[in-house]
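Written below as structure tokens is the structure these notes are about.
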Number of protein chains: 2
Amino acid sequence: MSKASEQAYAKIRGFLLGGTVQPGSQLTEEQLAEVAGVSRTPVREAMRRLEAEMLLVRSPSKRIFVADWSRDDIDEMFTLRQMLEGHAANRAARRLTDAEIDRLEEVNKELHEAVDGETPDIVRFLDANRVFHEAITEAAHSPRLGQVLAMLVEQPVVLRTARQYSAEDLKQSARDHDELIAAFRAGDPGWAEAVMGSHLRRAFHTFAGAAEDDAVAE
Amino acid sequence: MSKASEQAYAKIRGFLLGGTVQPGSQLTEEQLAEVAGVSRTPVREAMRRLEAEMLLVRSPSKRIFVADWSRDDIDEMFTLRQMLEGHAANRAARRLTDAEIDRLEEVNKELHEAVDGETPDIVRFLDANRVFHEAITEAAHSPRLGQVLAMLVEQPVVLRTARQYSAEDLKQSARDHDELIAAFRAGDPGWAEAVMGSHLRRAFHTFAGAAEDDAVAE
DNA sequence: TGGCCTCCTATTGTATACAATTTGCCTGCG
DNA sequence: CGCAGGCAAATTGTATACAATAGGAGGCCA
């Protein structure tokens with residue numbers, strides 16, 4: 001997307017995830033246009049994307065509301081990711097070249113450095129983590145799969161999850177990636193898929209556990 | 001979507017699948033606006049949807065082309081459907097009430113009637129088939145799953161597949177549905193998932209086999 | 001008082017004019 | 001003859017004005 005609608009997307013997304021708006025509240029195109037600093041036209045394009053990502057929902061009469069993600073919704077998202085990224089890992093294991101695996105290893109070295117010290121660097125972790133997962137999805141060479149995952153993977157959820165990780169959780173995450181790389185080197189699709197599956201399922205439970213705590217804290 | 005953009009979507013889709021345009025050829029918003037009989041604004045919305053369904057692709061410089069689906073693309077689509085609809089069947093098996101299963105049975109009776117005679121009624125078959133699959137996806141109670149499947153299931157591909165089915169293939173399809181219903185009655189998610197998987201995988205091979213024949217015929 | 005009808009307002013949908021970007025040609029220079 | 005540069009045309013992107021539609025408030029009648 002070009003400048004204005006890309007900017008609209010980014011700003012509105014930030015606005016939605018900033019926590020200042022309440023789930024379920026109504027929004028208007030005009031409001032969002034003001035938030036994004038552009039006219040309604042690019043805002044509409046951004047809204048379509050956000051709707052596809054289910055950060056916005058539409059009433060039957062086309063009015064727009066901030067989506068309200070339940071625990072079940074998050075569960076479902078992680079379940080779908082587990083299936084689809086597991087499949088991506090499986091395909092990647094069949095296709096990755098040694099050079100590409102080297103590259104993954106390099107990215108994961110970065111990730112290790114971010115978490116192996118005394119105080120983990122969450123931002124660095126997230127960056128490396130995103131690059132790592134995207135590289136695998138990319139290596140699966142399946143445009144549809146890539147597109148569907150792009151819709152499903154909500155980085156803010158990943159962020160919130162990572163924030164809940166203990167130092168040990170983060171290190172385990174890095175070790176999962178190590179094992180994925182081993183599976184790739186071995187060219188074992190089933191292994192890769194299984195590792196990816198447990199990696200993501202654990203992430204869900206970390207997230208869900210944290211959400212429970214939040215609920216208790218209220 | 002409201003009237004004009006819905007109409008644009010339907011007309012452009014028909015235009016793309018009518019076979020009069022060549023895959024890979026460039027299209028402009030203005031052309032499509034003329035085809036749809038509306039202005040560029042609703043055409044753009046329709047284009048976003050068609051892009052998500054990968055019937056259109058965009059060059060890096062935002063120009064638009066008719067997508068060219070390879071055999072691998074079709075394979076991938078069916079593979080993803082197998083995974084996701086299999087998952088839907090699994091979830092549905094856990095949730096469907098007796099009344100809902102009765103309803104499925106009724107729909108499949110319609111489907112049987114469409115194919116059990118001397119000359120199968122493909123249109124009736126397709127309608128019942130679509131309703132049947134949508135009911136299962138619906139019963140999975142997973143909004144994300146439903147949304148993703150809606151993007152993936154290209155009815156024109158289903159149509160082309162059904163056209164290639166022999167009378168016996170069609171009857172087997174109806175029997176697959178019978179078995180799905182049995183799995184639902186038994187409340188056996190694994191069974192339902194497995195049946196759905198083989199059902200879809202067979203569909204792919206029918207399609208692929210037909211495509212091979214086409215290629216040979218040329 | 002309760003339900004319904006109507007009109008007004010808020011909101012989304014569509015068309016169109018204009019801006020920005022990209023492409024490809026055409027010219028001129030080496 | 002080839003290539004670089006820039007100009008013109010085609011195409012997409014954005015803003016804005018206007019149209020259509022849905023929701024809600026208020027009044028009217030039973």
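Values below: every heavy atom of this structure, side chains too, minus hydrogens, waters and symmetry copies. Fair warning: this is a prediction, and the values are worked out from it, not measured in the lab.
Rounded to a whole Å, the CD atom of B/Glu45 is 7 Å from the P atom of C/dG13. Counting to the nearest Å, the P atom of C/dT16 and the CD atom of B/Glu34 are 13 Å from each other. For the pair B/Ile64 CD1 and D/dT12 C1', the interatomic distance rounds to 8 Å; values are reported in whole Å. Across the protein-nucleic acid pair, A/Leu56 atom CG and C/dT12 atom C1' stand 14 Å apart, rounded to whole Å. Taking atom CD of residue A/Glu30 and atom P of nucleotide D/dA15, one finds them 13 Å apart after rounding to whole Å.
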Check against side-chain contact (heavy atoms from CB on, under 4.5 Å), B/Arg13 and B/Tyr9: CA-CA 6 Å; B/Arg13 188 182 168 104; B/Tyr9 173 76; 2.8 Å; yes
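Out of C/dG13, D/dT14, C/dA15, the shortest distance to the side chain of A/Arg40 is found at C/dG13. Closest to the side chain of B/Pro42, out of C/dG13, C/dT14, D/dT14, is C/dT14.
Side-chain contact annotation: B/Glu193 with B/His87, donor-acceptor N/O pair under 3.5 Å absent. A/Thr79 and A/Arg201 are linked by a side-chain donor-acceptor pair at a separation below 3.5 angstrom, with hydrogens and angles left out of the test. No donor-acceptor contact under 3.5 angstrom links the side chains of A/Gln164 and A/Thr206, judged on distance only. In this structure, a donor-acceptor pair under 3.5 Å is absent between the side chains of B/Ser173 and B/Asp176.
Comparing B/Met47 and A/Thr41 by the nucleotide of DNA chain D whose heavy atom lies nearest to each, the residue mapping closer to the 5' end is B/Met47.
Using a 4.0 Å cut-off between charged nitrogen and carboxylate oxygen, A/Arg49 and A/Glu6 count as a salt-bridge pair.
Residues from residues 5-16 of chain A that place a heavy atom under 4.0 Å from any atom of DNA chain C: there are none. Residues from residues 22-29 of chain A placing a heavy atom under 4.0 Å of any atom in DNA chain D do not occur.
OP1 or OP2 of D/dA15 sits under 4.0 Å from a side-chain N or O of A/Ser39. OP1 and OP2 of C/dT12 both lie 4.0 Å or more from every side-chain N or O belonging to A/Arg44.
Taking both residues in full, the closest heavy atoms of B/Ala93 and B/Ala192 are given as CB-CB, 4.1 Å, listed atom of the first, atom of the second, then distance. Residues A/Gly24 and A/Phe65 come closest through the heavy atom pair O-CD2, 3.4 Å.
Here A/His177 and A/His112 keep their ring centres 6.0 angstrom or further from each other.
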Distances for protein N/O vs nucleotides 19-23 of chain D N/O pairs under 3.5 angstrom?
{"from": "D/dG23", "atom 1": "OP1", "to": "A/Ser61", "atom 2": "OG", "distance (Å)": "2.5"}

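Note on ring orientation: taking the six-membered ring where Trp is involved, the planes of B/Phe125 and B/Tyr165 are perpendicular (angle over 60°, cut-offs 30° and 60°).
Remark: A/Gln26 CD is packed, more than 12 non-hydrogen atoms of other residues, nucleotides or ligands lying under 6.0 Å away.
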